[in-house]
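First the proteins, then the strands, lettered A, B, ... as listed; each starts at 1. The figures here come from the full heavy-atom set of this structure, side chains too, leaving out hydrogens, waters and symmetry mates.
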Amino acid sequence: MGSAPAFRGAPGMTVVPRLRVTGHYAGAVSRAAGAALDVAIVLGSFTAGVAGLDLLARVVVGASLANDPAGPVSSIALAIWAFLYMYISLAIAGRTPGKGLVGLRVVAADGSTLPGRKALVRTLAFPLSAVIAGLGFAGIVLQREHRAMHDLIAGTAVVYDWGGRVAELPGPLSEFLARRAGAEYTAKPPRV
Amino acid sequence: MSDAQSSRSKSRQGRLGRLAGAVTGRVVETIDPDSVIEHVDVDALLDRVDVNRLLDRIDVNRLLERVDVDRLMDRVDVNRLVARVDLDAALENVDLEAAVRRAGVPEIVAESTGRVAGSALDLARRQIVGLDVVVDRLVNRLLRRDPEEQPWGPPRLSGERPA
């Protein structure tokens with residue numbers, strides 16, 4: 001885990017800076033939070049869109065979408081919307097809005113910018129992680145690089161990236177990890 | 001006019017002049033200036049004064065050089081002066097919106113609001129990353145993995161090694 005240089009504050013007190021994690025593999029909680037936000041955004045926007053279309057249909061042609069036996073059609077429309085949401089977001093920004101809020105970015109396995117082809121493969125492979133009780137997602141928790149099945153298939157990884165700001169750990173946790181790392185942590189001269 | 005008449009006239013003027021010279025001093029001493037001023041119509045007098053011509057003849061710079069501004073300011077009761085100012089009426093004529101815009105206040109407000117929102121977002125993000133680390137350490141312990149062998153990030157991004 002990277003760190004900002006340790007420095008001395010008041011006399012006799014060593015201030016341990018927050019550990020930096022920009023560019024490090026994102027963990028399970030961040031990934032889950034990003035996914036939950038994305039699901040909420042996809043479902044919310046889809047519902048709002050359908051409601052808008054329903055209103056438009058009633059006004060223009062006098063027919064309601066709710067009257068149609070459109071269970072499969074709605075599911076397919078939702079799947080297409082989710083695919084477009086995920087693929088376009090990843091291809092353009094390397095992150096979905098949910099991932100952006102949490103501060104995550106999808107990159108190629110070597111850390112380079114995500115190419116459009118890998119974004120497409122990742123989006124198409126994403127449902128595979130969900131089949132068989134979501135076992136494909138277990139890699140996020142168990143794998144050393146926190147890569148799910150769709151990451152391994154597409155050759156991608158998810159890292160911390162807070163845009164223009166440095167991704168950091170909370171101060172108390174940084175201090176705890178510093179203590180665990182040993183006294184030599186704070187005794188080291190500041191790194192430039 | 002003949003020479004005889006002319007010399008008589010000059011002699012009369014000479015006598016009158018001497019008489020006036022002798023009397024004027026006494027008269028001026030006797031007359032009360034206030035009673036004279038009371039008989040003067042000051043407005044009519046001022047109407048006859050060409051103020052612009054008067055001002056043209058004034059050297060303002062020279063006048064200002066002779067003014068002791070510090071002494072003048074010491075004599076000014078600023079509080080009394082301010083008390084007499086109708087600020088509401090004065091502000092009615094001021095385009096405060098334009099002044100605020102010119103001062104860049106909207107940009108400052110937007111920037112500080114964005115900064116506060118960013119700080120709040122980062123605070124939440126830090127807690128989530130903290131949970132990531134806790135879960136990671138737990139999994140490593142359960143799986144008996146050495147955390148030191150765990151890669152920090154993709155090769156191109158993890159140039160920074162742990163301290």
Student: For B:Asn140, is it the side chain, the backbone, both or neither that has a heavy atom under 4.5 Å from a heavy atom of chain A?
Tutor: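 Contact with chain A: none, neither part.
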Student: For A:Val141, is it the side chain, the backbone, both or neither that has a heavy atom under 4.5 Å from a heavy atom of chain B?
Tutor: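 A:Val141 touches chain B through backbone and side-chain heavy atoms alike.
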Student: Go through the atoms of A:Arg144 and report whether side chain, backbone, both or neither lie under 4.5 Å from a heavy atom of chain B.
Tutor: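 Both backbone and side chain.
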Student: Just by modelled atom types, is the A:Thr156 backbone N or O under 3.5 Å from a matching donor or acceptor in the A:Arg147 side chain?
Tutor: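 Yes, A:Arg147 side chain to A:Thr156 backbone: donor-acceptor pair under 3.5 Å.
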Student: With side-chain contact (heavy atoms from CB on, under 4.5 Å) as the test, pick out the partner of A:Tyr160 among A:Arg20, A:Glu168, A:His24.
Tutor: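 So, applying the side-chain contact (heavy atoms from CB on, under 4.5 Å) to A:Tyr160 and each of A:Arg20, A:Glu168, A:His24, only A:His24 qualifies.
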Student: Is there a donor-acceptor pair under 3.5 Å between the side chain of A:His150 and the backbone N or O of A:Ala125?
Tutor: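 Absent.
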Student: Name the residue from A:Val106, A:Thr96, A:Asp38 that meets the side-chain contact (heavy atoms from CB on, under 4.5 Å) definition with A:Met86.
Tutor: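 One option only clears the test, and that one is A:Thr96.
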Student: So what's closer than 4.5 Å to chain B heavy atoms on A:Ala109: side chain, backbone, both or neither?
Tutor: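 Backbone of A:Ala109 only, per the 4.5 Å heavy-atom cut-off to chain B.
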Student: Does a salt bridge link B:Asp132 with B:Arg125, judged by any charged N lying under 4.0 Å from a carboxylate O?
Tutor: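 Salt bridge: no.
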Student: Check whether B:Leu131 gets within reach of chain A through its side chain, its backbone, both or neither, counting any heavy atom under 4.5 Å.
Tutor: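 Both the backbone and the side chain of B:Leu131 come within 4.5 Å of chain A.
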Student: Hey, which of A:Ala33, A:Gly111, A:Pro172, A:Ala26 has the most heavy atom pairs under 4.5 Å with chain B?
Tutor: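 The answer is A:Gly111.
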Student: Determine the minimum heavy-atom distance between A:Val102 and A:Ser30, stating which atoms define it.
Tutor: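 For A:Val102 and A:Ser30, the tightest heavy-atom pair comes out as CG1-O, 3.7 Å.
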Student: Of all the heavy-atom pairs spanning A:Leu128 and A:Met149, show the shortest one and how long it is.
Tutor: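 Smallest interatomic distance, heavy atoms only, reads O-SD, 4.0 Å.
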Student: Side chain, backbone, both or neither: which part of B:Val135 has a non-hydrogen atom closer than 4.5 Å to chain A?
Tutor: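 Only the side chain of B:Val135 comes within 4.5 Å of chain A.
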Student: Any idea which of B:Val139, B:Leu123, B:Val134, B:Leu142 has the most non-hydrogen atom pairs under 4.5 angstrom with chain A?
Tutor: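 Highest number of pairs under 4.5 Å: B:Val139.
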Student: In terms of heavy-atom pairs under 4.5 Å with chain B, which of A:Ala28, A:Gly27, A:Ala157 leads?
Tutor: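 Ranked by heavy-atom pairs under 4.5 Å with chain B, first place is A:Gly27.
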